[in-house]
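As the structure lists them, so they are numbered: ligands from 1, and atoms in each ligand from 1. Just the heavy atoms: all of them, side chains too, but no hydrogens, waters or symmetry mates, feed the values below. Quick note: residue numbers are just sequence positions, from 1. Treat the numbers as computed from the prediction; the structure is a model and nothing was measured.
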Amino acid sequence: MNTNRRQFIKLSAFATSLFAFNKSKASEVITNASKEQIKPIVISTWRFGVEANAEAWKILSNKGRALDAVEAGVKIPEADPKERSVGYGGRPDRDGRVTLDACIMDDYANIGSVGCLEHIVHPISVARAVMEKTPHTMLVGEGALDFALSQGFKKENLLVKESEEEWKEWLKTSKYKPIANIENHDTIGMVALDMNGNLSGACTTSGMAFKMHGRIGDSPIIGAGLFVDNEVGAATATGHGEEVMRIVGSHTVVELMRQGLAPEEACRKAVERIISIAKRKNKPLDELQIGFIAINKKGGHGAYCLQKGFNYAVYSPEINNQLIDAKHIL
Ligand code: ASP
């Protein structure tokens with residue numbers, strides 16, 4: 001036997017034993033995990049989160065993937081013309097154009113997002129297609145629309161009569177003034193833990209009503225509107241996107257959980273950071289609303305907002321899809 005062949009046999013024997021070792025380790029992990037059953041949970045922002053959670057729960061309770069659950073969940077308000085801050089029916093920008101922002105993130109830190117996307121009812125699914133079918137992570141404007149059409153999404157008119165009338169009324173004064181808790185803006189952000197112990201999140205909105213054309217908020221920005229770390233937890237945001245972006249809000253919440261904070265405490269600290277920046281800039285706080293929601297790897301959940309009026313929906317084996325008022329600082 002020549003030296004090369006001898007070395008090859010030695011190496012393959014080593015590889016086989018290593019494989020056997022890893023295999024036994026893996027089954028040990030699986031057995032331990034199944035002993036201590038993982039309880040799924042899904043939470044999402046605002047009252048439209050209730051219906052969205054119900055859809056996501058169908059997937060989670062059937063041992064489906066958190067990624068599929070969050071996409072299916074947020075598609076409910078996206079398709080609902082009565083929800084005037086998300087998807088179809090969303091309020092337009094100051095030029096009368098409905099432009100949508102969305103992003104998605106999974107347990108492998110795969111990310112996809114779209115910004116300022118027009119004419120597509122489900123921007124979240126386009127974001128997922130960006131994640132899964134392109135070498136990129138974010139597409140915006142016309143490029144995002146071209147990509148969506150190439151993937152078979154249908155081009156539709158998203159401006160409903162009510163939104164058009166509101167916009168025409170707005171044109172009389174043309175005063176841009178997002179109001180806290182008044183629904184001229186809102187976002188559905190959803191984060192979930194599945195039965196395999198994996199996390200994912202989705203976030204989608206039509207953004208601030210009557211924004212400048214081309215304005216993109218926090219919602220499609222990974223780290224700002226949404227962040228998932230499968231080792232730690234997941235968080236998402238709603239409210240004045242410009243302020244959330246300033247502190248990369250959802251990433252901040254997850255990093256605070258990594259340092260050991262419970263989800264509620266982590267959300268509170270992130271809101272406090274926004275408040276201290278606003279104070280430094282002499283920004284009137286009563287005009288601002290920010291809400292964060294978060295879950296951790298153990299299925300704990302929590303939220304915090306700047307001022308009264310923000311709620312979130314929780315669905316878990318213990319909490320049967322209830323709307324909970326988030327604690328507030330002001
Ligand atoms: N965060 C969204 C944005 O700034 C709006 C909202 O959630 O209220 O576009």
Distance filter under 4.0 Å, heavy atoms only, around ligand 1 gives His185, Asp186, Thr187, Gly207, Met208, Arg215, Asp218, Ser219, Thr238, Gly239, Gly241
More than 12 heavy atoms of other groups within 6.0 Å of Glu231 CD: no
Practice problem: Please determine if Glu243 and Arg246 form a salt bridge, counting it only when a charged side-chain N lies under 4.0 Å from a carboxylate O. | Solution: yes
Applying side-chain contact (heavy atoms from CB on, under 4.5 Å) to Tyr176 and not counting sequence neighbours gives Arg94, Pro178, Met208, Lys211
Residues pairing under ring-ring contact (aromatic ring centres under 6.0 Å, His included) where one sits in residues 53-100, two or more places apart or in two chains, turn out to be Trp57-Tyr315
Exercise. Honestly curious: do Ile43 and Ile38 fall in one hydrophobic cluster under the side-chain, below-4.5 Å linking rule?
Worked result: yes
Salt bridge (Lys or Arg N to Asp or Glu O under 4.0 Å) pairs touching residues 118-146, sequence neighbours excluded, are Asp68-Arg128, Glu71-Arg128, Arg97-Glu118, Arg128-Glu132
